[in-house]
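Before any comments, here is the structure.
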Amino acid sequence: VTTTSRPSERSLSVPLVTVLNRQALAGHASKDLSDQLRRVPGLDIQQRGTGPTQADWSIHGAGFNGTAVLVDHAPFNDPMTGHFLSDQPFTPSALSRVEVLHGAASAAYGPGAVGGVVHLLAPLGTLQAGDMLTRASESSLQFSAGSFGLLGTEVSTWHTRPRFAVQGHLRRERADGHVLTTSTGRVHRDAAGTPLRADVDRTAGSIGVYSPLGALALYMQAAFDDRAFGAFHYYTPFASDTAREATHTRWVNAQLVGASARVGVAYRYHDDAYRYNPRTATNAHETRRLIVFGDFPLYASQQLDFGSRLHALSQSIESNSMGSRSDWQVGLAIWVHGRPTGWLQWYAASRVDRQSVWGTVFTPEFRLTVRHGLWTGRMALGQSLRPPSYVEQYFNTARTGVTSGNLGNPGLVPEKAQSAMVSVSREKGQLSMHVSAFARVTDNLIDFVQPDASTALFTATNVLNV
């Protein structure tokens, strides 16, 4: 765990990991996690609107569908679209740290980790069986206010006793938002002539409980996030777009934690209501995802350890534009971590995934780290997998008479990417320098393509390679 107030990399970690610790998260002026993540090199944040509306997270240019998100070791991504990566119910003050792993990581963390992984860790999610709990309490109440009707309130609390620990937070914020104008200053208005604003209204909260159980410990977490906002030009550039959107997220995570291993089950529910303008019908979608996961490291010696990761999931969508869809997936990863000397580390992993729609896929990965004095060099080679989202597979397929716009394709196959990365860093005291370069070749890239000029439909398609 880092102890500085700036983003920092672990000195000799095999993967390149940037860590925002609790001090860095609490010391930042913004209470929006996406804003804070802008500080991480190589992590691109594409914000729609202002404040906690919607933001795309992309590592090394992999796009919003190519970044994996974990919450306390459990996969958090939404199967409908990566646009909902930021629909998570945790504010920076509710987290102990954020870890950003740079580079392809599908072999270790499963499909979707093309560019890397963002791991959100609450304070209780960092505990393991055997950690001593002392009697302590801490609570805080924060207020914020600003222009355009910005008002925010957040309460958080933390209590530990020898037999249990509990943590909770609740945040409420809203803003009328600024009036939206064109580059020439003309005000955007809806059909009734009312000026459009970048407004937002959000309520989010979480509670976590940790309790030792002999050689094991029980960790449980429940969280929610409700937000409504103006979505003008989020997805289209047309003048008729005066959209509004509302989302609701529910999250439950329960784990049995050992001294190093853990097994758990998590459930994510998400609904989205998007209305292009008052004259159109609302696009309504509900996704559900049930995940069983486990992490089983084994330490053979000071020079070598190995282990396995397992996850199985069942997911579904109910949508008036995509219909009722469901699928399942099972994945198993085996990894080996070697430390032959004090200046050299290596890591190798291989994973097999079986999915009900697109079949069986293998993904390998290899990483090497060398250190000399204040300098650290890293190299990574790997293959990553990015399955098609529900939007790419099924958008508008449940509707008849669709003659323009985007159309999903149930016959899509996953993207496969071959990645390479090299980096050099130097750290001395509070100062650090880091330079990295990466290359990626993607086969079966998914994009919406207009087959020819005779149609106004753009169909999701596996193009050649990029």
Side-chain angles (χ1 to χ4, degrees), residues 42-46 48 55-69 75 77-85 101-118 234-237 315 317 322 325 327 329 331 351-365 380-397 405-421 436-453 455-466:
L43 175 55
D44 181 40
I45 304 297
Q46 294 292 328
R48 291 184 174 88
D56 293 342
W57 300 356
S58 173
I59 303 175
H60 286 183
F64 54 85
N65 283 319
T67 300
V69 177
N77 291 57
D78 188 89
M80 178 178 156
T81 174
H83 287 315
F84 298 145
L85 281 180
L101 186 153
H102 304 261
S106 285
Y109 295 99
V114 177
V117 179
V118 179
Y234 274 27
Y235 311 110
T236 82
Q315 59 190 19
I317 187 170
M322 290 177 270
R325 314 286 182 174
D327 56 78
Q329 178 190 325
R351 182 184 179 95
V352 58
D353 285 283
R354 174 68 179 176
Q355 208 263 3
S356 59
V357 176
W358 41 260
T360 303
V361 179
F362 295 89
T363 48
E365 176 185 336
L381 299 170
Q383 178 175 288
S384 52
L385 181 73
R386 205 278 281 178
S389 67
Y390 281 155
V391 166
E392 292 166 330
Q393 291 176 293
Y394 306 118
F395 189 67
N396 277 335
T397 57
N406 291 340
L407 183 67
N409 178 2
L412 292 172
V413 298
E415 296 180 357
K416 289 184 180 179
Q418 321 298 325
S419 301
M421 183 181 73
S436 65
F438 71 93
R440 182 169 58 246
V441 177
T442 303
D443 293 316
N444 299 321
L445 182 78
I446 300 171
D447 201 358
F448 286 90
V449 177
Q450 185 180 23
D452 55 67
T455 176
L457 278 174
F458 289 75
T459 303
T461 305
N462 287 112
V463 299
L464 296 177
N465 61 70
V466 175

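Put simply, OG1 on Thr67 and CH2 on Trp57 are 9.5 Å apart, with the number rounded to the nearest 0.5 Å. Atom CG of Leu101 sits about 6.0 Å away from atom OH of Tyr109, to the nearest 0.5 Å. To the nearest 0.5 Å, atom CZ of residue Arg440 and atom CE of residue Met421 are 11.5 Å apart. Here the straight-line distance linking atom OG of Ser384 with atom CZ of Arg351 works out to 12.5 Å at 0.5 Å rounding.
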Exercise for the section: Before giving the answer on side chain to side chain contact (heavy atoms under 4.5 Å, CB included), spell out for Thr461 and Phe448 the whole-Å C-alpha distance, their side-chain angles and the decisive distance to 0.1 Å. Expected result: CA-CA 6 Å; Thr461 305; Phe448 286 90; over 6 Å; no
Problem - Asn462 vs Ile446, side chain to side chain contact (heavy atoms under 4.5 Å, CB included): CA-CA, chis, key distance, verdict - result: CA-CA 5 Å; Asn462 287 112; Ile446 300 171; 3.5 Å; yes
Exercise for the section: Test Asp56 against Arg48 for side chain to side chain contact (heavy atoms under 4.5 Å, CB included), laying out the working first. Expected result: CA-CA 8 Å; Asp56 293 342; Arg48 291 184 174 88; 3.0 Å; yes
Exercise for the section: Show your working on side chain to side chain contact (heavy atoms under 4.5 Å, CB included) between Asn77 and Leu85 and close with a plain yes or no. Expected result: CA-CA 6 Å; Asn77 291 57; Leu85 281 180; 3.4 Å; yes
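Minimum interatomic distance between Gly63 and Ser58 (heavy atoms only, all atoms of both residues): N-OG, 2.8 Å. In terms of heavy atoms, Ser106 sits closest to Pro111 at OG-CA, 4.1 Å. Of all the heavy atoms in Ala417 and Thr442, the pair that sits closest is CB-OG1, 3.8 Å. Annotation for Val117 and Ala113: closest pair CG2-CB, 3.9 Å, computed over non-hydrogen atoms. The heavy-atom pair separating Ala55 from Ile45 by the smallest distance is CB-CG2, 4.1 Å.
Gln418 pairs by the side-chain contact (heavy atoms from CB on, under 4.5 Å) definition with Gln383, not counting sequence neighbours. Residues meeting the side-chain contact (heavy atoms from CB on, under 4.5 Å) test with Leu407, sequence neighbours left out: Asn396, Thr397, Leu457, Thr459. With sequence neighbours left out, Phe438 forms a ring-ring contact (aromatic ring centres under 6.0 Å, His included) with His60. Tyr234 pairs by the side-chain hydrogen bond (donor to acceptor under 3.5 Å, both in side chains) definition with Thr53, not counting sequence neighbours. When the side-chain hydrogen bond (donor to acceptor under 3.5 Å, both in side chains) test is applied to Gln46, the partners found at least two apart in sequence or on another chain are Asp44. Qualifying side-chain hydrogen bond (donor to acceptor under 3.5 Å, both in side chains) partners for Glu365, counting only residues two or more places apart in sequence or in other chains: Arg367. Legend: residues meeting side-chain contact (heavy atoms from CB on, under 4.5 Å) with Thr81, ordered by chain and number and at least two apart, are Phe64, Asn65, His83, Phe84, Val391. For the side-chain hydrogen bond (donor to acceptor under 3.5 Å, both in side chains) test, no residue two or more places apart in sequence or in another chain qualifies with Asn409. Residues satisfying the salt bridge (charged side-chain N to carboxylate O under 4.0 Å, His left out) test with Asp327, not counting sequence neighbours, are none. Qualifying salt bridge (charged side-chain N to carboxylate O under 4.0 Å, His left out) partners for Arg325, counting only residues two or more places apart in sequence or in other chains: none. With sequence neighbours excluded, the residues that form a side-chain contact (heavy atoms from CB on, under 4.5 Å) with Pro414 are Trp358, Leu385, Pro388.
Legend: salt bridge (charged side-chain N to carboxylate O under 4.0 Å, His left out) pairs involving residues 380-394, not counting sequence neighbours, sorted by first then second residue: Arg386-Glu392, Arg386-Glu415.
For Asp78 (side chain) and Met80 (main-chain N/O), a donor-acceptor pair under 3.5 Å exists by modelled atom type. A donor-acceptor pair is defined here as one N or O able to donate and one able to accept, closer than 3.5 Å; no such pair exists between the side chain of Gln450 and the backbone of Ala456. Proximity of a side-chain donor or acceptor of Ser419 to a complementary backbone N or O of Ala104 within less than 3.5 Å is not detected.
More than 12 heavy atoms of other residues, nucleotides or ligands shown are found within 6.0 angstrom of OH on Tyr235.
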